[in-house]
Amino acid sequence: MSAQPGIDRGHTDDLMSFLRASPSPYHAVASAAERLEKAGFRRIEETAPWDGTAGGRFVLRGGAIIAWYVPEGAEPATPYRIVGAHTDSPNLRVKPIPDTGAHGWRQIAVEVYGGVLLNTWLDRDLGLSGRITLRDGSHHLVTVDRPLLRVPQLAVHLDRSVNTEGLKLDKQRHMTPIWGLGSVEEGDLLRFVAEETGVAAEEIAGWDLMTHSVEPPAYLGRDRELVAGPRMDNLVSVHAGTAALIAAAARQELPYIPVLAAFDHEENGSQSDTGADGPLLGTVLERSVFARGGAYEDRARAFAGTVCLSSDTGHAVHPNYAERHEPGHHPRPNGGPILKVNVNQRYATDGAGRAVFAAACERAGVPWQSFVSHNSMPCGTTIGPITAARHGIATVDIGIAILSMHSARELCGAQDPRLLAKALHAFLEG
């Protein structure tokens, strides 16, 4: 099979491995942490005292990770260069009382998380992932990465208007997956999860479980110039940001302190202790300043000189719906990362931020594109405006262009993840 000239597949192959290993936000931060530890970063606890010595560190909290590298000789007022991203994706999440069913079918009660494209979860083999919390307070990852659940669509014979009037799905009635036959048994799912995880069922005190598509990511197209896979929004950015931070930390002298901030709960508003609208990022940055002997004045100076690139996916022009896009702005796959602009501050980009992003792409030798929404279409948003408003940090919204955003399986250019990582690396190095 021929391959498109110029595509270096090493980074994208690694991205696909990252996607497979990260079916939930908790897995995503564990995957990023494993890579950081191999590069010499060390995990520190929020409840422990911090020191201001040079080196790489990271903090884990739930489905969020903040990682940073303090170069030798960094002053308390040294500004930060931040790559912001999020670890969560729209999906179906298990309800507190999960065991349900009807008419001889055993089912699992689920709640819709985020802006799901519901039809993409129909007739798809689903696994189960997330975490459980034991009575002693410890957390354990749950990974059932095989066909376990399925949301079956109604046959066309029983819905004759589906192809003329469109598919109509009720989130409560139509999205409950099946996982077997027989009568409903209370505690059945937790007993299954306990067995899969190797713990006693009676020790499970809490859980955060969700479904994921078990179909692995894959190259697509005649020349394999595209990648289809799950959770690209926004694990593409988490993966690229992790790679960029590790690469930046390998440099001996840095004018800034490079940071990766990957949050949970972006898809439902970011308002949590692990979301971008919570205090986590500000607390970590402040403690780093104070650990290096700084005071509030140093904190203010550091924040004033800080820039954040909020990296999230954006919309590639859709060939079948081109009229839904702004006519003068048609981002294309493999055209490089996109600069996202909205004058109503759904994105945080301004002219000064544009200059920072353009300079990073130029240093990296990476092409880039502009994205703005059609005036008659409401614009989505990101962690960018939240970060800018909450912390007073100059923020620029960027990403890569994809199709099928919020689908169980999304589509991007095979070259764009690598181009994004190169641009982020150049940005973090200053």
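Just so you know, residue 1 is the first one in the sequence shown, and it goes up from there. Treat the numbers as computed from the prediction; the structure is a model and nothing was measured.
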Pairs involving residues 24-34, ordered by first then second residue, that meet side chain to side chain donor-acceptor pair (under 3.5 Å) (sequence neighbours left out): Ser22-Ser31, Ser24-His27, His27-Thr143

Sequence neighbours excluded - side chain to side chain donor-acceptor pair (under 3.5 Å) pairs with any residue from residues 394-405: Ser310-Asp397, Thr382-Asp397

Could you pull out the closest heavy-atom pair between [X] and [Y], with the gap in Å?
X: Asp51; Y: Arg57; value: OD1-NH2, 2.7 Å
X: Gln369; Y: Pro331; value: OE1-CA, 3.2 Å
X: Leu235; Y: Phe18; value: O-CE2, 4.1 Å
X: Pro98; Y: Leu189; value: CB-CD2, 3.6 Å
X: Cys412; Y: Met232; value: SG-SD, 3.8 Å
X: Leu149; Y: Pro177; value: CB-CB, 4.0 Å

Test side-chain contact (heavy atoms from CB on, under 4.5 Å) on Leu36 and Ile65; report intermediate values, then the result. CA-CA 11 Å; Leu36 290 165; Ile65 182 170; 3.9 Å; yes

Non-hydrogen side-chain atoms of [X] and [Y] separated by less than 4.5 Å:
X: Leu254; Y: Pro258; answer: yes
X: Glu266; Y: Ile386; answer: no
X: Leu260; Y: Thr242; answer: yes
X: Pro216; Y: Met16; answer: no
X: Arg35; Y: Ile246; answer: yes
X: Val236; Y: Leu15; answer: yes
X: Asp273; Y: Leu280; answer: no
X: Tyr80; Y: Ser288; answer: yes

Nearest-0.5 Å distance that lies between atom [atom1] in [X] and atom [atom2] in [Y]:
X: Ser370; Y: Leu339; atom1: OG; atom2: CG; result: 5.5 Å
X: Asp416; Y: Glu225; atom1: CG; atom2: CD; result: 11.5 Å
X: Asp14; Y: Arg418; atom1: CG; atom2: CZ; result: 13.5 Å
X: Ile398; Y: Thr313; atom1: CD1; atom2: OG1; result: 11.5 Å

For [X] and [Y], indicate whether the former's side chain and the latter's backbone hold a donor-acceptor pair under 3.5 Å.
X: Arg346; Y: Val341; value: no
X: Thr349; Y: Lys340; value: yes
X: Asn334; Y: Gln415; value: yes
X: Ser138; Y: Leu134; value: no
X: Thr87; Y: Phe263; value: yes
X: Asp312; Y: Ile383; value: no
X: Glu326; Y: Gly328; value: yes
X: His374; Y: Ser376; value: yes

Any chance you could lay out the side-chain contact (heavy atoms from CB on, under 4.5 Å) test for Arg354 and Val396, step after step, and finish with the verdict? CA-CA 7 Å; Arg354 182 184 190 276; Val396 190; over 6 Å; no

Is it true that the side chains of [X] and [Y] contain a donor and an acceptor less than 3.5 Å apart?
X: Thr133; Y: His139; answer: yes
X: Arg93; Y: Asn91; answer: yes
X: Tyr219; Y: Asp13; answer: yes
X: Arg9; Y: Thr12; answer: no
X: Ser237; Y: Asn234; answer: yes

All salt bridge (charged side-chain N to carboxylate O under 4.0 Å, His left out) counterparts of Glu37, not counting sequence neighbours: none

Under the salt bridge (charged side-chain N to carboxylate O under 4.0 Å, His left out) rule, collect the residues that match up with Glu323, sequence neighbours excluded. none

What pairs meet the salt bridge (Lys or Arg N to Asp or Glu O under 4.0 Å) rule with one or both residues in [range], with sequence neighbours excluded?
range: residues 146-165; value: Asp123-Arg150, Asp125-Arg150, Arg146-Glu196
range: residues 202-215; value: Arg124-Glu215, Arg131-Asp208, Glu215-Arg409
range: residues 227-237; value: none

Once the angle between the rings of His315 and Phe371 is folded into 0 to 90°, is it parallel (under 30°), tilted (30 to 60°) or perpendicular (over 60°)? tilted

On the 0 to 90° scale, with breaks at 30° and 60°, tag the Tyr69-Phe41 ring pair as parallel, tilted or perpendicular. tilted

Does the gap between the ring centers of Phe58 and Trp68 come in under 6.0 Å? no

Do His11 and His239 have ring centroids that are under 6.0 Å from one another? yes

Start with the C-alpha gap between Leu403 and His318, add the side-chain angles, then the distance that decides, and say whether side-chain contact (heavy atoms from CB on, under 4.5 Å) holds. CA-CA 7 Å; Leu403 289 181; His318 196 303; 4.0 Å; yes

Extract all donor-acceptor atom pairs below 3.5 Å that involve side chains of residues 419-430 and protein atoms in other chains or at least two apart in sequence.
residue	atom	partner	partner atom	Å
His425	NE2	Glu429	OE2	3.0

Can you name the side-chain hydrogen bond (donor to acceptor under 3.5 Å, both in side chains) partners of Glu410, sequence neighbours left out? none

Would you please name every residue forming a side-chain hydrogen bond (donor to acceptor under 3.5 Å, both in side chains) with Arg324, sequence neighbours left out? none

Show which side-chain atoms of residues 106-122 pair as donor or acceptor with protein atoms under 3.5 Å away, not counting sequence neighbours.
residue	atom	partner	partner atom	Å
Arg106	NE	Leu181	O	3.1
Arg106	NH1	Asp188	OD2	2.8
Gln107	NE2	Thr176	O	3.2
Tyr113	OH	Asp88	OD2	2.6
Thr120	OG1	Leu117	O	2.7
Thr120	OG1	Ala408	N	3.0

Hey, could you give me each pair passing ring-ring contact (aromatic ring centres under 6.0 Å, His included) that has a residue in residues 164-215? Not counting sequence neighbours. Trp179-Phe192

Would you check, one step at a time, whether the test side-chain contact (heavy atoms from CB on, under 4.5 Å) holds for Val151 with Leu92? CA-CA 10 Å; Val151 183; Leu92 307 176; 4.1 Å; yes

